[in-house]
Student: 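First the structure, then my questions, so here it is.
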Amino acid sequence: MTSISPDRIPSPDRVPAAVCLDMDGTLVDTERLWDIAVYELAEYMGRPLDETTRERTLGNSLHGFFEILGEYTGRRIEGEEFDRLAHRLNSRVTELMRTDMRWRPGAEDLLADIASTGTRVALVTNTTADVAVVPLEFIDRSRFDVVVTGCMVADAKPAPDPYLLACARLGVDPGEAVAVEDSVTGATAAVAAGCRVLYIPSTDGQPDVPGAHTHTTLDGVDTAALHALTSGTPARTAVGQSST
């Protein structure tokens with residue numbers, strides 16, 4: 001991937017009808033905290049987690065995560081066992097979040113610019129409401145017109161349901177909205193919903209997602225640039241510039 005330097009990011013007059021933002025790894029630097037909790041849980045379950053399996057779990061719902069972890073550890077995780085392990089995982093990551101929350105590069109400035117343009121904005125996360133409350137205190141819940149958490153839909157990301165719900169509550173067609181994601185799971189969901197997608201992987205080695213525009217950072221990206229970078233010209237090429 002090649003990043004557009006901040007001074008070359010296009011900023012035409014047009015802005016999206018709405019912006020839908022993922023949370024973990026996109027707005028806040030919490031994937032490293034989830035890493036700690038996830039690796040500890042795998043150790044507790046008797047099989048240290050490898051990096052490939054951890055990458056598969058990025059952006060997943062709790063049920064998706066435990067399906068992958070159960071397959072990896074050879075254990076069926078359901079019923080009371082699911083509830084017990086989910087509580088252990090969520091309690092640990094919440095503890096970590098309360099002590100070490102940080103913005104992802106460019107995220108706070110983008111939120112401020114979205115507010116200045118009056119563009120409607122949704123937070124769309126697979127994180128459950130009880131855990132999401134902690135980063136939302138840091139980000140400020142009042143920044144968002146709509147918040148969709150992982151417990152609000154029957155099928156979480158990579159299904160399109162969270163983005164379809166967010167767009168419905170924003171009152172916009174998904175094709176008029178730009179979604180910003182950091183994981184294959186999330187970008188796949190947003191593409192499936194029909195959104196235009198800016199995909200900024202939060203970890204190295206993640207593959208591109210068909211239909212999403214891959215970029216390296218939110219640094220220097222404002223609301224107008226979200227529109228330009230997802231309007232048909234690949235994000236790795238500055239709009240109006242040659243790709244040669």
Side-chain angles (χ1 to χ4, degrees), residues 17-28 30-31 34 37-38 41 53-73 75-91 93-94 97 120-136 139 141 144-199 202 206 209-212:
V19 176
C20 296
L21 298 162
D22 175 56
M23 185 176 69
D24 294 291
T26 299
L27 293 179
V28 284
T30 48
E31 289 297 359
W34 281 103
V38 165
L41 185 65
T53 304
R54 170 56 181 142
E55 285 185 8
R56 287 178 60 205
T57 69
L58 287 173
N60 269 268
S61 65
L62 267 181
H63 286 279
F65 167 76
F66 278 112
E67 183 176 335
I68 294 168
L69 193 63
E71 172 190 310
Y72 181 76
T73 58
R75 292 172 59 170
R76 294 188 66 180
I77 303 171
E78 54 189 25
E80 291 184 2
E81 177 79 343
F82 175 91
D83 292 340
R84 182 177 69 84
L85 293 174
H87 176 73
R88 185 184 183 96
L89 176 68
N90 286 344
S91 295
V93 80
T94 299
M97 286 177 174
R120 291 180 62 74
V121 59
L123 183 84
V124 186
T125 178
N126 262 357
T127 301
T128 55
D130 57 331
V131 178
V133 68
V134 181
L136 273 172
I139 298 168
R141 168 64 178 82
F144 304 100
D145 299 293
V146 168
V147 170
V148 174
T149 61
C151 47
M152 293 173 64
V153 292
D155 295 310
K157 306 173 191 177
D161 302 35
Y163 281 102
L164 293 174
L165 177 59
C167 289
R169 292 191 173 184
L170 288 170
V172 300
D173 184 274
E176 298 177 343
V178 170
V180 184
E181 275 283 356
D182 75 298
S183 69
V184 172
T185 299
T188 299
V191 169
C195 299
R196 291 181 285 124
V197 183
L198 188 63
Y199 168 47
S202 57
Q206 292 190 68
V209 175

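Atoms considered below: every heavy atom in the structure, side chains included; atoms not considered: hydrogens, waters and symmetry mates.
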Student: Taking atom CZ as the centre, does R76 end up with more than 12 heavy-atom neighbours from other residues, nucleotides or ligands that are less than 6.0 angstrom away?
Tutor: no
Student: List for me each residue that meets side-chain hydrogen bond (donor to acceptor under 3.5 Å, both in side chains) alongside R56, sequence neighbours excluded, and say none if there are none.
Tutor: E71
Student: Is the number of heavy atoms from other residues, nucleotides or ligands under 6.0 Å of E55 CD greater than 12?
Tutor: yes
Student: Distance check, rounded to the nearest 0.5 Å: L123 atom CG versus D145 atom CG?
Tutor: 11.5 Å
Student: Tell me, do F66 and L41 make a side-chain contact under 4.5 Å, heavy atoms counted?
Tutor: yes
Student: Can R120 and E176 be counted as an ion pair, charged N to O under 4.0 angstrom?
Tutor: no
Student: Do the side-chain N and O atoms of T30 and D24 include a donor-acceptor pair separated by under 3.5 angstrom?
Tutor: yes
Student: Can you sort out the partners of S91 under side chain to side chain contact (heavy atoms under 4.5 Å, CB included), two or more places apart, ordered by chain and number?
Tutor: H87
Student: Drop me the distance from I139's CD1 to L27's CG, to the nearest 0.5 angstrom.
Tutor: 5.0 Å
Student: Would you list the atom pairs, donor with acceptor, under 3.5 Å between side chains in residues 180-189 and any protein atom, with sequence neighbours excluded?
Tutor:
| unit_1 | atom_1 | unit_2 | atom_2 | d |
| --- | --- | --- | --- | --- |
| E181 | OE2 | K157 | NZ | 2.7 |
| E181 | OE2 | Y163 | OH | 2.5 |
| D182 | OD1 | T26 | OG1 | 3.3 |
| D182 | OD2 | S202 | OG | 2.5 |
| S183 | OG | G186 | N | 3.0 |
| T185 | OG1 | L58 | O | 3.0 |
| T185 | OG1 | N60 | ND2 | 3.4 |
| T188 | OG1 | V184 | O | 2.6 |

Student: Nearest 0.5 angstrom please: R75 CZ to L69 CG, how far?
Tutor: 8.5 Å
Student: How many angstroms lie between CG in L62 and CZ in F82, if you round to the nearest 0.5 Å?
Tutor: 5.0 Å
